[in-house]
A.B. asks: 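Can you read through this structure? Questions will come right after.
Each ligand, and each atom within it, is numbered from 1 in the order the structure gives. Predicted, not measured: the structure shown is a model, and the values here were computed from it.
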Amino acid sequence: MSIQVLDKVFSLYISEKEIQLQVQRIAEEIQQDFSNEKPFLVCILKGALFFFADLLEALAIPCDLTFYRVSSYSGLASTENIQEAAPFPRDINGRKVIIVDDLIDTGNTMEFLISHLKKLGASEVRIASLFFKPGKFKKDFPIDYYGMEISDEFIVGYGLDYDEEGRNYPDIYRVNE
Ligand code: IMP
Ligand code: MG
């Protein structure tokens with residue numbers, strides 16, 4: 001199945017069902033690791049919105065949460081210039097934080113987030129990312145929880161966009177070259 005988003009055609013790549021299986025598995029892993037301590041979950045807007053909502057629903061433990069917006073992508077390309085849209089909204093001093101993002105590509109965004117949240121006093125910073133592009137990754141930080149490795153192609157759906165379009169599909173689509 002194919003969809004048109006702006007000037008490009010995308011083909012079905014990962015089904016909603018497969019995504020949901022991974023989300024459930026990640027939730028179980030987090031639950032085991034945080035059975036004694038309330039984690040502080042940070043949703044990285046806007047891409048992680050769907051993943052965050054489904055993850056929260058699957059987590060049967062108490063957790064604090066907040067939203068944080070940064071951007072690095074322009075069109076189909078990642079840039080190294082990470083910018084925060086507004087200052088971090090909550091006090092995370094001394095807390096164990098889990099950064100929840102949609103996708104780790106080069107890793108620039110996550111590297112910025114890890115160091116920023118540590119500076120704000122988090123006692124520990126873990127990472128949960130639904131997707132990971134090993135072929136693009138340029139950093140060496142560990143990814144504590146992730147759903148699946150994917151190919152290097154650009155994807156949309158389940159919260160991920162191409163220039164703000166295409167977020168609202170429950171499945172993941174990849175661009176046709
Ligand atoms: P990084 O800084 O290169 O790791 O890029 C991270 C962010 O760029 C992700 O959180 C996504 O929001 C966005 N991004 C990276 N690859 C894609 C893609 O294939 N489709 C849509 N957004 C992407
Ligand atoms: Mg993102």
Side-chain angles (χ1 to χ4, degrees), residues 1-16 18-19 22-23 26 30 40-56 65-89 97-119 125-177:
M1 201 190 122
S2 292
I3 55 165
Q4 172 100 29
V5 181
L6 300 175
D7 59 338
K8 303 210 181 297
V9 178
F10 292 74
S11 301
L12 185 62
Y13 179 31
I14 302 162
S15 72
E16 181 179 11
E18 178 61 20
I19 294 167
Q22 301 304 326
V23 175
I26 294 171
I30 292 176
F40 206 128
L41 302 182
V42 179
C43 174
I44 307 305
L45 294 172
K46 302 174 203 166
L49 194 61
F50 286 36
F51 173 40
F52 193 69
D54 287 340
L55 185 65
L56 276 182
L65 60 96
T66 193
F67 300 90
Y68 188 46
R69 176 132 198 243
V70 293
S71 63
S72 72
Y73 245 71
S74 174
L76 299 182
S78 185
T79 74
E80 302 213 347
N81 179 21
I82 316 297
Q83 292 179 332
E84 59 176 355
F88 195 80
V97 170
I98 304 176
I99 301 172
V100 180
D101 206 354
D102 49 2
L103 193 162
I104 294 176
D105 186 85
T106 62
N108 287 326
T109 307
M110 196 50 88
E111 191 175 67
F112 168 87
L113 291 168
I114 295 166
S115 92
H116 195 64
L117 299 195
K118 281 187 177 159
K119 271 187 221 148
V125 177
R126 293 197 187 194
I127 297 161
S129 179
L130 183 56
F131 301 112
F132 172 48
K133 288 182 184 170
K136 294 270 208 84
F137 193 53
K138 293 193 297 195
K139 309 291 178 184
D140 55 8
F141 54 80
I143 304 171
D144 305 281
Y145 311 100
Y146 73 89
M148 58 190 116
E149 294 187 355
I150 59 169
S151 60
D152 290 348
E153 293 113 313
F154 193 82
I155 59 171
V156 294
Y158 196 65
L160 290 124
D161 71 302
Y162 167 40
D163 278 348
E164 296 299 327
E165 299 277 330
R167 293 189 197 278
N168 53 314
Y169 293 95
D171 309 287
I172 292 287
Y173 294 78
R174 67 176 154 190
V175 72
N176 291 357
E177 290 311 327

A.B. asks: Would you mind telling me if ligand 1 is within reach of the side chain of Asp105, the backbone, both or neither, using heavy atoms under 4.0 Å?
C.D. replies: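 Both backbone and side chain.
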A.B. asks: Is there a donor-acceptor pair under 3.5 Å between the side chain of Asp101 and the backbone N or O of Ser129?
C.D. replies: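 No; zero donor-acceptor contacts below 3.5 Å.
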A.B. asks: Taking N or O atoms only and a 3.5 Å limit, does Ile155 qualify as a polar contact for ligand 1?
C.D. replies: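 Min N/O separation from ligand 1 is below 3.5 Å for Ile155.
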A.B. asks: Does the side chain of Val125 come within less than 4.5 Å of Ile99's, by heavy atoms?
C.D. replies: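 With C-beta onward as the side chain, the pair touches.
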A.B. asks: Distance under 4.0 Å to a non-hydrogen atom of Thr109: what atoms of ligand 1 satisfy this?
C.D. replies: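 Every atom of ligand 1 under 4.0 Å from some heavy atom of Thr109: 1 (P), 2 (O), 5 (O), 6 (C).
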A.B. asks: So that I know where these two stand, are Tyr169 and Phe10 an aromatic pair - ring centroids less than 6.0 Å apart?
C.D. replies: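 When the ring centroids of Tyr169 and Phe10 are compared, they turn out to be at least 6.0 Å apart.
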A.B. asks: List ligand 1 atoms under 4.0 Å from Asp101, heavy atoms only on the residue side.
C.D. replies: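 So the atoms of ligand 1 that pass are 10 (O).
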A.B. asks: Checking contacts here: is it the side chain or the backbone of Met110 that comes within 4.0 Å of ligand 1, counting heavy atoms only? Could be both or neither.
C.D. replies: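 Under 4.0 Å from ligand 1, Met110 contributes no heavy atoms.
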A.B. asks: Does any non-hydrogen side-chain atom of Ile14 lie less than 4.5 Å from one of Met148?
C.D. replies: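 Met148 vs Ile14: side chains touch.
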A.B. asks: Check whether any side-chain heavy atom of Ser151 lies under 4.5 Å from a side-chain heavy atom of Lys133, and answer yes or no.
C.D. replies: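 They are not in contact (no side-chain heavy atoms under 4.5 Å apart), so the answer is no.
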A.B. asks: Between atom OH of Tyr158 and atom CZ of Phe51, what is the distance when rounded to the nearest 0.5 Å?
C.D. replies: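 Tyr158 atom OH to Phe51 atom CZ measures 7.0 Å (nearest 0.5 Å).
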A.B. asks: What part of Thr106, side chain, backbone, both or neither, has a heavy atom within less than 4.0 angstrom of ligand 1?
C.D. replies: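 Both of them.
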A.B. asks: Is there a nitrogen or oxygen of Gly107 sitting under 3.5 Å from a nitrogen or oxygen of ligand 1?
C.D. replies: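 Yes.
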A.B. asks: Which heavy atom in Ala128 sits nearest to a heavy atom in Ile98, and how many Å separate them?
C.D. replies: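 Distance-wise, the nearest heavy atoms are CB-CG2, 3.9 Å.
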A.B. asks: Counting each atom of ligand 1 from 1 as listed, which ones have a heavy atom of Asp161 under 4.0 Å away?
C.D. replies: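 What qualifies from ligand 1 is 21 (C).
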A.B. asks: Check ligand 1 against Lys133 and write out every atom of the ligand that is under 4.0 Å from a heavy-atom position of the residue.
C.D. replies: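 Selected atoms, number and element: 16 (N), 17 (C), 18 (C), 19 (O).
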A.B. asks: Decide, yes or no, whether a salt bridge links Lys136 with Asp105 under the criterion of side-chain N to carboxylate O below 4.0 Å.
C.D. replies: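 Looking at Lys136 and Asp105, the cut-off is met.
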A.B. asks: Considering the heavy atoms of Asn108, write down every atom of ligand 1 situated less than 4.0 Å from one of them.
C.D. replies: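 Once the distances to Asn108 are compared, the set is 2 (O), 4 (O).
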A.B. asks: Looking at ligand 1, does Arg174 have a heavy atom less than 4.0 Å from it?
C.D. replies: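 Per 4.0 Å heavy-atom rule, Arg174 does not contact ligand 1.
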